[in-house]
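Please read these numbers as outputs of a predicted model, since none were measured by experiment. Here is how names work: the chains are called A, B, and so on, in the same order as the sequence lines, proteins then strands, and each is numbered from 1.
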2 protein chains.
Amino acid sequence: MSGAAHLTLTTDVVPFAIHGERLEVLLARQAADWRLPGGPIAAGEELDAAARRYLAAQTGLNDVYLEQLYTFAQPKRHAGQRMVTVAYFALVSTDFPSDDGAPADRQAHWIAVNELPAQAPDGAEIVALAHRRLASKLAYSTIALQLMTEHFTLSELQAVHETILGETLDKRNFRKRILALDCIEQTGALERRRGHRPARLFRAKRPGQVDFIK
Amino acid sequence: MSGAAHLTLTTDVVPFAIHGERLEVLLARQAADWRLPGGPIAAGEELDAAARRYLAAQTGLNDVYLEQLYTFAQPKRHAGQRMVTVAYFALVSTDFPSDDGAPADRQAHWIAVNELPAQAPDGAEIVALAHRRLASKLAYSTIALQLMTEHFTLSELQAVHETILGETLDKRNFRKRILALDCIEQTGALERRRGHRPARLFRAKRPGQVDFIK
DNA sequence: ATATGAAGGTGTAGTTTTTACACTATTATC
DNA sequence: GATAATAGTGTAAAAACTACACCTTCATAT
């Protein structure tokens, strides 16, 4: 029974977003360096409530998709100071402000998953596990929609899949597969960008809900 | 930071085995009632080490397959007494002694998942989640082999799948699928039971290892 | 006005995977 | 030697997946 007194239970969140063909993680400034958002869980606080609280406080993110990932006992840093962290990942839609042209003094910034700084205990391991989990969930759930803006084109959705998986997909097969899931619908509107045919816009049929498929 | 002092981090383990076409969970006696094996995690102890320790101490089980399931913040029971439990599930081979004809004073006993007693906080929820996780893993891993004895017949393996899934499977299709995975091999021996043709015995090619398939 | 560049959008044939389905083989017992 | 019980096996139809190429629509430049 005696272990409890020396123990700090914390949460760490891996906030993912896709920015320009890159899978990025939002890190928060803590003292001198950049770390995953998170911190100690308060007495009586729900675990996911703590994760949301730190995400909001340290990065300004609200109303994101959040999913528990794994719980890690971190190696002791100081004698008798035991840290256990309940890791989560969050999916942030692409239109949450990215870093392009941001002032240097901001408290949070996006960084590509393959360019993470040497980091806090378990940081890289947590991100890697979250990335794997996300990639495998693409195959059997509609989780990718949580990374999209309210309206999006099929090409954008395909790019999100490709970025997470790290491989290119066939356009026709991808569309067939996604449309067969009956998880998105046309808005009727078109997205017009310069220099080519406008793309049809889609939206999630059940936004905020992740369905399992197969 | 103040939450830590009131917090007890515990582990709970859902030990599964199949006994005679039933999926059963091994409960440990604690005071007056039967609960999932588990208890507080000691300072400096690895999480899965704690799970193994309680499993061994409270039920006598050793060397089982163990996998982290989910972490739950339990509702407070007394003011200021916060419990957080890291839940695991364990897979126990069918030949670990079942309860048939056991003395009434034993410290652990198997009970079918659908006959669990009204239980400790989260007990039923943890078992239900573990069952769902196990069932879904049958589809994309060789995890079912962890429930088998060293040698087993294909019919036994099929019965294990059927029990976990709660549905019957086609014998020919099941065998084709399992053999295509290249995860088991014939021992050459036969299991002879009374009154019918003897069955070929198989063993896992990589015992103790769970492979992902597809 | 017309040509060009850039992404959007579409169908089909071949292959592989999955499903449904029924009978013979081998043993112990009566 | 008949019976009861489980072991063991193949094939055809359906469904899912894969590979693959061309026309459309817009903006821009000439």
Side-chain angles (χ1 to χ4, degrees), chain A residues 18 20-21 94 135-136 138-142 144 148-149 151-163 165-203 211-214, chain B residues 18 20-21 94 135-136 138-142 144 148-149 151-163 165-203 211-214:
Chain A
I18 305 276
E21 318 275 301
T94 306
S136 67
L138 291 185
Y140 63 88
S141 79
T142 60
M148 309 309 292
T149 54
H151 301 315
F152 54 87
T153 69
L154 286 175
S155 294
E156 286 163 358
L157 183 58
Q158 181 174 346
V160 165
H161 279 252
E162 289 176 337
T163 300
L165 295 173
E167 64 188 42
T168 61
L169 302 172
D170 178 84
K171 183 162 47 160
R172 279 173 290 194
N173 293 340
F174 178 79
R175 287 167 184 234
K176 237 180 304 177
R177 183 161 63 80
I178 295 295
L179 293 173
L181 297 180
D182 192 40
C183 61
I184 63 174
E185 62 192 358
Q186 288 193 43
T187 65
L190 297 178
E191 177 188 65
R192 32 192 76 252
R193 296 213 202 193
R194 236 155 266 157
H196 59 84
R197 177 174 174 178
R200 293 180 186 159
L201 286 168
F202 289 78
R203 69 174 148 246
D211 299 319
F212 285 78
I213 54 197
K214 280 205 253 189
Chain B
I18 305 275
E21 318 277 299
T94 307
S136 66
L138 291 184
Y140 62 89
S141 80
T142 60
M148 308 309 292
T149 53
H151 302 314
F152 54 88
T153 69
L154 286 175
S155 294
E156 286 163 358
L157 182 57
Q158 180 174 346
V160 165
H161 280 250
E162 289 175 337
T163 300
L165 295 173
E167 64 190 40
T168 60
L169 301 172
D170 178 85
K171 183 163 46 161
R172 277 171 291 192
N173 294 340
F174 178 81
R175 286 165 186 235
K176 239 181 303 178
R177 182 161 65 80
I178 295 295
L179 294 173
L181 297 180
D182 192 42
C183 61
I184 63 174
E185 62 193 357
Q186 288 193 43
T187 65
L190 297 178
E191 177 187 66
R192 32 192 76 253
R193 295 212 200 195
R194 238 155 266 156
H196 59 84
R197 177 173 176 176
R200 293 178 188 163
L201 285 167
F202 289 78
R203 68 174 148 245
D211 299 320
F212 285 78
I213 52 194
K214 280 205 253 191

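- Between the base of C:dT16 and the side chain of B:K176 there is no donor-acceptor pair shorter than 3.5 Å.
- Minimum atom distance to the side chain of A:H196 is reached by D:dC26, of the listed C:dT10, D:dC26, C:dA20.
- Positionally, the nearest nucleotide of DNA chain D for B:L154 lies more toward the 5' end than for the other of A:R197 and B:L154.
- For B:R200 and D:dT9, the shortest distance from a side-chain N or O to OP1 or OP2 is below 4.0 Å.
- For the atom pair CG of B:L154 and CD of B:E156, the computed distance is 9.5 Å after rounding to the nearest 0.5 Å.
- Rounding to the nearest 0.5 Å places CG of B:D182 at 11.5 Å from CD1 of B:I213.
- Nucleic acid contact class of A:T153 (heavy atoms, under 4.0 Å, all strands): none.
- One cannot find a donor-acceptor pair under 3.5 Å joining the base of C:dT27 and the side-chain atoms of B:R192.
- Using a 4.0 Å heavy-atom distance criterion, B:R177 is classed as making no nucleic acid contact.
- The base of D:dA21 sits within donor-acceptor range of the side chain of A:R172, with an N or O pair under 3.5 Å.
- In this structure, B:L169 places its CG atom 10 Å from P of C:dT19, rounding to the nearest Å.
- Both A:D170 and A:A199 sit near DNA chain C, but only A:A199 has its closest nucleotide nearer the 5' end.
- Which of C:dC21, D:dT9, D:dA7 sits closest to the side chain of B:N173 comes down to C:dC21.
- In this structure, A:Y140 and B:Y140 have parallel ring planes: the angle between them is below the 30° cut-off, well short of the 60° mark.
- Close to C:dG8, at under 4.0 Å from its OP1 or OP2, lies a side-chain N or O of A:S155.
- Which of C:dA25, D:dC20, D:dA27 sits closest to the side chain of A:R194 comes down to D:dA27.
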Under the side-chain hydrogen bond (donor to acceptor under 3.5 Å, both in side chains) criterion, do A:R200 and A:S155 qualify, and how do the steps go? CA-CA 10 Å; A:R200 293 180 186 159; A:S155 294; over 6 Å; no
